[in-house]
Amino acid sequence: MNTYIRNYSKNELIEDTGRISWTSPSNIALIKYWGKYGHQLPCNTSISFTLNESKTTMDFSWSSKDTPSDEIVLDFYFENKKNQLFEDKIRAFLEKNRELFPMLKFLNLEIESTNSFPHSAGIASSASSMSALALGLCSIENQAFDLDICEADLIQKATYVARLASGSASRSVFPEVASWGENTLTSIKSSDELAAPVEGVHEVFKTYRDSIVIVDGGEKAVSSRAGHALMEAHPYREERFKRANELVETLYNILKSGDTKSFCDLVETEALELHGLMMNSNPSFILMKPNTLAVIEKIREFRKESGLDLCFTLDAGPNVHILYPQSIEEEVQKFLSSEIKPLAQNGLIIHDRVGQGPERFL
Ligand code: DP6
């Protein structure tokens, strides 16, 4: 039985109308989720930094329906304009998972969503938007109906719901460092159904910066859904999942110890492994662009010359996330302006950092 399903009726509706607003960040995976099974469950554990600046703000309003109905009444606006495509996607998600939110029978919903980053920046927005959506829905349910769900339980349901909408979104509801997926490590508290905060992380990693070099802001060449599907018949499938889980253990020890050098080695290896998996898939994808490699080479040269612990990771696309502690920010910023900016599309580098997770405003 799913413990997240609360059954309530219209009699428990205590606020006929109301408004709620959440801001939720994107995250950058250090150990990647790549491959899933069953109902949105990951084939290996992933670990990410929660970001601070790249985020979605969602304003929700609700009003009670005149007559309860199975029809999902939803109006969705993106960047101040009605967005039918996103509305249909969210409606389809809610229809598929309607048992999670009995409130859908009794309420009309309106959602206005905006992102802090430009649409053309090629930043995956599903983590920030789907975590904001999940948090908003869970909060509306709790506030409009007399449910009295405590904060911790609300966040648990939100990570569960966010995961169903987009796997990586499950990690975004937590501050700083989060994991998702079952693991034999007792300190990793996440399961395949629920993400969780990673505890015991050394202070230096909480100061990390993520300068996102936009090499190409265009549409993703391979959607996440198609990408995960590539792992189903992948020749290195079993080896990958075994290895990723081992890397989680190594990364966890690094995160605890504060060893920023070992962090660089591990995070870069893992990023290239993700791209290696894509190159070895059938069909095969090369998601890096010439400037992705040029940026990587510059980072490695600069690290060698300066002795500074900056490194890169990649998402399922050509943009490069440059990770480094706050203590070397000044030197890295100079390097970015002189060496990296010319390689970025329209000179675009988005400066982000490890953040404290979602915030509720209303
Ligand atoms: C490469 O979470 O976007 O960013 O569950 O199908 O929505 P869906 O996939 P998604 O996949 C993210 C893949 C990744 C790695 C990661 O964030 O862990």
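Both ligands and their constituent atoms are indexed starting at 1 by order of listing. Index from 1, following the sequence. This is a predicted model, so every value here is computed, not measured. What's counted below: heavy atoms across the whole structure, side chains too, no hydrogens, waters or symmetry copies.
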Polar atom proximity, Ser166 to ligand 1 (N or O, under 3.5 Å): yes
Under 3.5 Å donor-acceptor, Ser24 side chain and Thr56 backbone: no
Derivation of the salt bridge (Lys or Arg N to Asp or Glu O under 4.0 Å) call for Asp309 and Arg303: CA-CA 6 Å; Asp309 292 334; Arg303 183 166 65 223; over 6 Å; no
Under 4.0 Å to a heavy atom of Lys36 - the qualifying atoms of ligand 1, by number: 5 (O), 6 (O), 8 (P)
Salt bridge flag under 4.0 Å for residues Glu193 and Lys157: no
Distance-only N or O hit between ligand 1 and Ala165, under 3.5 Å: no
With Glu203 via salt bridge (Lys or Arg N to Asp or Glu O under 4.0 Å) - residues at least two apart: Lys206
Min heavy-atom dist Arg163 to ligand 1 below 4.0 Å: no
Heavy-atom gap Gln40 to ligand 1 smaller than 4.0 Å: yes
Close side-chain approach of Asn108 and Asp75, heavy atoms under 4.5 Å: no
Any N/O pair Lys32/ligand 1 closer than 3.5 Å: no
Which segment of Ser126 sits under 4.0 Å of ligand 1 when only heavy atoms are counted: side chain
Arg209/Asp352 ion pair, N-O < 4.0 Å: no
Parallel, tilted or perpendicular: rings of Phe106 and Phe145 (30°, 60°): tilted
Test: Glu273 and Arg243 ion pair at under 4.0 Å: yes
Option set Tyr33, Trp180, Trp34, criterion heavy-atom distance to atom 18 (O) of ligand 1, minimum: Tyr33
Per-atom contacts, ligand 1 versus Asp315 - under 4.0 Å to a heavy atom: 1 (C), 4 (O), 14 (C)
Proximity to ligand 1 by part of His275, non-hydrogen separation under 4.0 Å: neither
Region of Met130 engaging ligand 1 - heavy atom pairs below 4.0 Å: neither
Within residues 177-231 or reaching into it, pairs that qualify as ring-ring contact (aromatic ring centres under 6.0 Å, His included) - sequence neighbours excluded: Tyr33-Trp180, Tyr33-His228, Trp34-His228, Phe49-Tyr208, Phe205-Tyr208, Phe205-Phe263, Tyr208-Phe263
Numbered atoms and elements of ligand 1 in range of Gly167, under 4.0 angstrom, heavy atoms: 2 (O), 5 (O), 7 (O), 8 (P)
Test of proximity, Ser224 against ligand 1: N or O pairs below 3.5 Å: yes
Proximity to ligand 1 by part of Ala29, non-hydrogen separation under 4.0 Å: side chain
